[in-house]
Amino acid sequence: MASPALAQPQHLGVLQVEPTDHCNLACRMCAPHFEGWAEVHGVPKGFLDPTLWDRVLAGLVEDDLRFDHLIFQWLGDPSLHPALHRLVGAAAAALAGRVHYLRVDTNGILLDERRIDALLDALPPPGTAPPLLLVWTLDAHSPEVYQQVKGRDHLLRVRRHLRHLLRARRQADRAINVQVQFVVQQGNDHEVGPFVDYWSDLFGCQGDPARFHDELLLKRLSVAGGGPGQAAADARYERALAEAGVGPGRRGALTIHTWAGRPWQVDDGHAAEARGACPGLWLTPVIRHDGQLIMCCADLHSETALGSLSETRFSTLWQGAAATARRLAHLAGRFEGPCAGCGGINWYSLPPGHDAEARARAAALGLAAPTLSK
């Protein structure tokens with residue numbers, strides 16, 4: 001059990017884990033892979049060591065840490081990790097009762113029948129572990145548009161893999177839900193309607209709403225976290241959905257989700273709002289593929305790295321002096337380093353009491369409060 005000084009509110013926040021920062025696509029909206037960066041985070045690309053992951057999980061359990069959910073993905077595609085099924089299976093076994101669900105975001109290119117079956121075999125039976133949400137990022141209805149938007153021609157292969165998953169999960173009796181995603185952008189906005197129709201029909205035939213909760217998500221494109229071009233991207237999104245006549249709600253076996261509001265604090269089409277402390281510093285820790293704990297998923301270059309989980313426990317780093325000092329700076333209106341030009345992780349809200357908790361933690365560590373910015 002964690003000491004009161006290291007305690008974390010139960011079922012709050014999202015833990016993101018990066019199995020790898022390698023990717024087999026070159027999506028236009030993803031600068032590191034579209035532009036072919038040799039290094040994504042300023043360190044060599046790599047893969048999460050399953051033995052290290054086992055130690056991290058043991059520390060989370062021993063410190064009684066809890067999160068709303070855990071996401072396997074950051075700046076690469078998890079399916080490139082040869083032991084993805086082992087990583088997910090270990091988390092499912094260790095985190096029962098500590099997360100509401102596990103999530104894997106993937107393009108699905110390498111999730112063939114063998115890999116899907118291995119993932120199903122690695123999961124405990126329903127009721128003994130959190131359910132798994134498999135998010136398939138597709139962004140196109142036709143092979144031609146998939147090639148244009150994603151940089152490769154794999155759409156038909158991905159559809160085949162997903163159809164196998166829908167059949168196999170019923171036979172294996174495993175709690176796997178599915179979400180198909182479409183990020184609306186220039187080049188694919190005319191395919192919103194056909195995309196929704198295709199997947200609604202397929203899940204109508206092969207889904208099972210009595211046993212599984214499956215979704216289709218139409219996402220806004222993030223342009224540099226709300227930077228120049230965001231207003232135009234938002235307008236394109238709203239126009240595409242209106243022209244397709246698509247909105248949130250049920251479509252057969254699928255639940256359709258849309259992004260009605262802007263998640264950006266500031267962008268080029270709206271007046272600047274008063275900026276508050278970013279909830280990412282409290283709610284979205286990331287474990288990089290080499291075991292480094294990063295404070296925020298928007299920090300691609302790992303400037304908010306707190307230390308290695310191969311050497312120090314999660315609780316010690318997450319409630320340590322470096323993390324607390326950065327939270328205090330935000331509470332005082334000071335946004336420095338990677339936070340200076342970021343629009344904020346504004347699809348989360350900072351719950352009441354976190355400011356007081358951060359100040360109490362600072363007092364316990366002997367940290368001086370930063371000066372309020374003018």
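Not measured: the values here are computed from a predicted model.
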Side-chain heavy atoms under 4.5 angstrom apart, residues restricted to Ile, Leu, Val, Met, Phe, Trp, Tyr: same cluster for Val192 and Leu202? yes
Backbone N/O of Val178 and side chain of Asp214: donor-acceptor pair under 3.5 Å: yes
Of the non-hydrogen atoms in Pro19 and Val17, which two are nearest, and what is the gap between them? CD-O, 3.1 Å
Side-chain heavy atoms under 4.5 angstrom apart, residues restricted to Ile, Leu, Val, Met, Phe, Trp, Tyr: same cluster for Trp74 and Val40? yes
Rounded to the nearest 0.5 Å, what separation is found between the CG atom of Leu218 and the CZ atom of Phe195? 7.5 Å
Do Asp173 and Pro126 come within less than 4.5 Å of each other through their side chains, counting heavy atoms only? yes
Does one hydrophobic cluster hold both Leu134 and Leu155, with members joined at side-chain heavy-atom distances below 4.5 Å? yes
Side chain of Arg288, backbone of Ile294: donor and acceptor closer than 3.5 Å? no
Judged by atom type as modelled, is there a donor-acceptor pair below 3.5 Å linking the side chain of Asp189 to the main-chain atoms of Ala240? no
Can you say whether the rings of Trp53 and Phe72 are parallel (under 30°), tilted (30 to 60°) or perpendicular (over 60°)? perpendicular
Output yes when a side-chain donor or acceptor of Gln185 lies under 3.5 Å from a complementary backbone atom of Ala233, and no otherwise. no
Please evaluate residues Glu336 and Arg326 with respect to the criterion salt bridge (Lys or Arg N to Asp or Glu O under 4.0 Å), reporting the C-alpha separation (whole Å), side-chain torsions for both, the decisive distance (0.1 Å), and the verdict. CA-CA 9 Å; Glu336 301 169 340; Arg326 189 172 290 276; over 6 Å; no
Closest non-hydrogen atom pair, Trp318 against Trp282: CZ2-O, 3.6 Å
Are any non-hydrogen side-chain atoms of Ile109 and Arg157 less than 4.5 angstrom apart? yes
Would Arg327 and Asp355 pass as an ion pair if we require N to O under 4.0 Å? no
Look up atom CG in Leu15 and atom CG in Leu95, then write down how far apart they are to the nearest 0.5 Å. 8.5 Å
Assess whether salt bridge (Lys or Arg N to Asp or Glu O under 4.0 Å) is satisfied between Arg251 and Asp197, documenting all intermediate values. CA-CA 9 Å; Arg251 178 79 74 92; Asp197 290 342; 3.2 Å; yes
Under 4.5 Å between any side-chain heavy atoms of Leu165 and Leu111, yes or no? no
Considering the options Arg250, Gln179, Glu215, which one meets the side-chain hydrogen bond (donor to acceptor under 3.5 Å, both in side chains) requirement together with Thr255? Arg250
Please determine whether side-chain contact (heavy atoms from CB on, under 4.5 Å) holds for the pair Ser302 and Gln292, giving the CA-CA distance in whole Å, both sets of side-chain angles, and the decisive distance to 0.1 Å. CA-CA 9 Å; Ser302 303; Gln292 282 283 325; over 6 Å; no
With side-chain contact (heavy atoms from CB on, under 4.5 Å) as the criterion, how do Leu80 and Cys23 come out once you've worked through the C-alpha distance, each side chain's angles and the decisive distance to 0.1 Å? CA-CA 7 Å; Leu80 272 71; Cys23 190; 5.5 Å; no
Asp299 side chain to Thr304 backbone, donor-acceptor under 3.5 Å: yes
For the residue pair Leu331 and Ala277, what are the closest heavy atoms and their distance? CD2-CB, 3.9 Å
Give the C-alpha distance, both sets of side-chain angles, the deciding distance and a yes or no for side-chain contact (heavy atoms from CB on, under 4.5 Å) between Phe212 and Ile176. CA-CA 7 Å; Phe212 307 105; Ile176 294 187; 5.5 Å; no
Between Asp153 and Pro143 the two heavy atoms that sit nearest each other are OD1-CB, 4.0 Å
Among side-chain atoms of His289 and Asp21, is any donor-acceptor pair under 3.5 angstrom? yes
Decide whether His161 and Asp112 meet the rule of one side-chain donor and one side-chain acceptor closer than 3.5 Å. no
Over 60° means perpendicular and under 30° means parallel, so classify the ring planes of Phe47 and His81, tilted if in between. perpendicular
Would a 4.5 Å heavy-atom cut-off, applied to side chains only, mark Arg220 and Asp234 as touching? yes
Would you check if Gln206 and Arg167 make a side-chain contact, meaning some heavy-atom pair closer than 4.5 Å? yes
Please answer: with hydrophobic residues joined when any side-chain heavy atoms are less than 4.5 Å apart, are Leu110 and Val135 in the same cluster? no
Backbone N/O of His164 and side chain of Glu113: donor-acceptor pair under 3.5 Å: no
Judged by atom type as modelled, is there a donor-acceptor pair below 3.5 Å linking the side chain of Gln16 to the main-chain atoms of Thr284? no
Are the side chain of Asn188 and the backbone N or O of Val183 linked by a donor-acceptor pair below 3.5 Å? yes
Contact between Pro50 and Leu87 at the side-chain level, heavy atoms closer than 4.5 Å - yes or no? yes
Same cluster (ILVMFWY, side-chain, under 4.5 Å), Val158 and Leu133: no
Row check, Trp136 ring normal vs Arg163 NZ/CZ: under 6.0 Å, within 45°: no
So which heavy atom on Pro228 is nearest to which on Val223, and how close? O-CG1, 3.2 Å
Look up atom CG in Leu241 and atom CH2 in Trp259, then write down how far apart they are to the nearest 0.5 Å. 12.5 Å
Applying side-chain contact (heavy atoms from CB on, under 4.5 Å), run through Arg86 and Asp54 and close with a yes or a no. CA-CA 10 Å; Arg86 182 179 174 330; Asp54 289 341; 3.0 Å; yes
Does Gln186, at its CD atom, have more than 12 non-hydrogen atoms belonging to other residues, nucleotides or ligands within less than 6.0 Å? no
Determine the minimum heavy-atom distance between Phe203 and Arg169, stating which atoms define it. CE2-NH2, 4.5 Å
Verify, without hydrogens or angle tests, whether Arg174 (side chain) and Ala122 (backbone) share a donor-acceptor contact under 3.5 angstrom. no
Beyond-backbone contact of Leu119 with Leu132, side-chain heavy atoms, under 4.5 angstrom: yes
Measuring from atom NE2 of His85 to atom CG of Leu120, what distance do you get when rounded to the nearest 0.5 angstrom? 11.5 Å
For the pair His69 and Tyr101, name the ring-plane relationship: parallel under 30°, tilted 30 to 60°, perpendicular over 60°. parallel
To the nearest 0.5 Å, what is the distance between CG (Leu254) and CG (Leu217)? 11.5 Å
Could you tell me whether Asp63 and Arg313 make a salt bridge, using a distance below 4.0 angstrom between a side-chain N and a carboxylate O? yes
Answer yes or no: is there a donor N or O on one side and an acceptor on the other, between the side chain of Thr20 and the main chain of Pro78, under 3.5 Å? no
When rounded to the nearest 0.5 Å, the distance separating CG of Leu75 from CG of Leu300 is 5.0 Å
Do Val184 and Leu221 come close enough that some side-chain heavy atom pair is under 4.5 Å? no
Is there a donor in the side chain of Asp77 and an acceptor in the side chain of Thr106, or the other way round, less than 3.5 Å apart? yes
